[in-house]
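Read through the structure below, which is laid out as structure tokens, and then see the notes.
Residue numbers count from 1 along this sequence.
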Amino acid sequence: MNKLYIGNVSEEATEKDFESVFESRKIPYTAPFLVKSGFAFVDCPDEKAAMKAITELSDKVDLLGKVLRVEYSVPKHQRSCKLQIRNIPPHMQWEALDSMLAEYGTVESCEQVNTDTETAVVNVRYSTRDQARLALEKLNCAMTENCSLKVSYIPDENAPEGPRRRSFNSRGPPRTGSPSMGPRPRGHADMPLRMSVPMQFVGAIIGKEGGTIRNITKQTHSKIDIHRKENAGAAEKPITIHSTPEGCTSACQIIMDIMRKEAVDTKFNEDVPLKILVHNNFVGRLIGKEGRNLKKIEQDTGTQISISSYQDLTMCNPERVVTIMGSIENVIKAQEEIMKKVLESHDSDRAAMSLQSTMIPGLNLNSLGLFPSGPQCGGPSMPSMPLGAHGGHSSYGAHPESECVNLFIPAQAVGTMIGRQGAHIKQLSHFAGASIKIAPAEEKESQLRNMIIVGPPEAQFKAQCRIFSKLKEENFFGPKEEVKLEAQIKVPSFAAGRVIGKGGKTVTELQNLSCAEVVVPRDQTPDENDEVVVKITGHFFACQLAQRKIQEILAQVRRQQQQVKPPPSPQGHMPRRK
């Protein structure tokens, strides 16, 4: 739904006035303007056009003495939990934004919306209507780093239907869909190549009246976007190339040829490298263990490759700059190899996330806000189940939806995880819907500390995902290291054999499937609850998959036990004596 509400309209304004405003700014619209007393409505063809109208017109355009206010037109019955927040400072960190939003309730999802504006836009979903209404009241027009936030409802199509009203636009059935909470999952062939080019070469790439860029598009069968409005005043501008991997490479080579020729013609004294923008989630795997992947690409292609600092990332900039130096031929070879690695990571993450959403029914992966937009998937969020009453002990015998995981983090990261006056760990608990505690150190010089996470499967996924990400963000693991942690879960001693399998077959299959190291230490003495520990070590997805598979085994054991137990005698009836 991309219908817009235009408020603060002069009584003298007409349909032609609005047409003039939209057409002068090249904002497309698909229906006649419906002008009422003090307000108006209009349909836009897509979300991009709607967002352009909101960002370029709202509180910026004076029409007949009144400054227009433009936002999504949301029927009352759809004004529930979803808000759009605009004009967010571009350098604001996600953690600061999360903390601000959490003051008004539980945030189920927070997704960035791609726009050409310097400031950021996010779509936020709260868990209740009252929380969303409070956030709108408190945050709208609030000043943050000299930016006045703009908050409005966006349609929530999961809201109960309200009374039907006749629409002013009767050109067929009403549209469905809402402003996207992230782009649709893209196929392998539609993974774009993102480049960063010096501003002085942009004119040559576009060409006279756009002739050069049109020729590149035709030759390579690609769609090329040059984001000239992004980062006003910046020395470099991003270019996005949508095509097959081969089409992206061809377009990239032509653009590099143009830039280097322009550098010669303008006596530009510096070398012109190829700069590729890669989402930070893929950089660790691109580099490889101890930098092996990157070194191999450099050796195979005869290039020099460097990657920008992790510290340069902001809420509006989740990408790292991969700079490739060398001849054009070698640079293009390196670009192909780099994008192969990125595509492999993209597809691997999408498959892993699809599997997680299958294994945790209802898991809303979009709510994490931690992954690049390509591989996201998942359905509506699963409501958090009540936690069991067992505290930090195993969940066996407690509420079947509640699990306990002991996740071991570097001891020096404890302060960061807790946050100032416990703010971060409280926020993490609210976000995930889990109980999260950090156990006291067992030894004074201990290198690891135990985070005890108690909650249903979705809560475990969310909490552990944020913990892995936080450790990487705060540089507790090096730029060339992948975050690998040890998780421990307790299982009944009589079920440990099922986890191991005959001759260790089950645990071996589990390790092969998940890529995690799974160990059931031998000669363990069961604790007071007759439970033993299973240790799982690996990166985030590996740990999650291994945990889910082990929980499946435990669920099978429970079902078999229940089938063996005799049914209880009916209450109030004693068995007859013979």
Side-chain angles (χ1 to χ4, degrees), residues 351-363 382 385 387-388 390-409 432 434-436 448 450-465 467-468 483-527 529-563:
M353 293 177 78
S354 296
L355 183 57
Q356 294 293 342
S357 63
T358 301
M359 300 188 72
I360 308 176
L363 175 63
M382 180 176 70
M385 301 298 293
L387 301 181
H390 50 281
H393 299 292
S394 167
S395 63
Y396 188 78
H399 194 291
E401 290 293 335
S402 189
E403 302 169 1
C404 178
V405 177
N406 297 304
L407 192 65
F408 291 84
I409 65 171
S435 167
I436 305 175
L448 298 173
N450 178 16
M451 291 190 77
I452 303 169
I453 308 167
V454 182
E458 183 185 21
Q460 293 289 348
F461 187 98
K462 288 182 176 181
Q464 293 179 48
C465 185
I467 291 167
F468 274 76
V483 180
K484 290 188 177 181
L485 301 178
E486 178 183 306
Q488 293 184 5
I489 59 178
K490 289 186 176 182
V491 303
S493 59
F494 58 82
R498 291 285 296 274
V499 176
I500 297 170
K502 190 174 182 180
K505 182 179 178 182
T506 302
V507 77
T508 301
E509 289 176 349
L510 183 56
Q511 291 185 128
N512 292 337
L513 173 67
S514 66
C515 298
E517 180 184 354
V518 182
V519 177
V520 184
R522 295 182 180 276
D523 304 322
Q524 283 191 77
T525 302
D527 63 12
N529 297 316
D530 195 30
E531 294 175 327
V532 295
V533 169
V534 178
K535 298 181 178 180
I536 304 163
T537 306
H539 58 75
F540 172 69
F541 282 122
C543 277
Q544 282 298 302
L545 187 53
Q547 288 174 42
R548 299 271 60 79
K549 286 296 183 182
I550 291 171
Q551 292 294 345
E552 277 187 2
I553 293 171
L554 296 182
Q556 290 174 1
V557 172
R558 294 187 192 107
R559 286 195 294 270
Q560 289 172 358
Q561 278 195 326
Q562 289 171 356
Q563 291 171 1

Student check: side-chain heavy atoms of [X] and [Y] closer than 4.5 Å:
| X | Y | result |
| --- | --- | --- |
| Pro521 | Val532 | no |
| Ile550 | Val518 | yes |
| Ile553 | Thr506 | yes |
| Lys490 | Asp527 | yes |
| Val520 | Val491 | no |
| Gln488 | Asn450 | no |

Where do [X] and [Y] come nearest, in terms of heavy atoms and distance?
| X | Y | value |
| --- | --- | --- |
| Leu485 | Phe408 | CD2-O, 3.6 Å |
| Ala459 | Ala434 | CB-CB, 3.8 Å |
| Ala495 | Leu554 | CB-CD2, 3.9 Å |
| Cys543 | Phe468 | SG-CZ, 4.3 Å |

- Output, in order, the C-alpha distance, side-chain angles, deciding distance and verdict of side chain to side chain contact (heavy atoms under 4.5 Å, CB included) for Ile489 and Glu403. CA-CA 9 Å; Ile489 59 178; Glu403 302 169 1; over 6 Å; no
- Answer with yes or no whether the side chains of Gln464 and Gln547 bring together a donor and an acceptor at under 3.5 Å. yes
- Are Gln460 and Gln551 close enough, and set up right, to give a side chain to side chain contact (heavy atoms under 4.5 Å, CB included), and what steps lead you there? CA-CA 12 Å; Gln460 293 289 348; Gln551 292 294 345; over 6 Å; no
- Item | Donor-acceptor contact below 3.5 Å, side chain Glu486 vs main chain Lys535 |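 Side chain of Glu486 to backbone of Lys535, a donor-acceptor pair under 3.5 Å: no, none is there.
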[atom1] of [X] to [atom2] of [Y]: how many Å apart, nearest 0.5 Å?
| X | Y | atom1 | atom2 | result |
| --- | --- | --- | --- | --- |
| Leu448 | Asn406 | CG | CG | 12.5 Å |
| Lys462 | Ile453 | NZ | CD1 | 14.0 Å |
| Cys465 | Gln544 | SG | CD | 8.0 Å |

- Message: Tell me whether the rings of Phe541 and Phe461 are parallel (<30°), tilted (30 to 60°) or perpendicular (>60°).
- Response: tilted
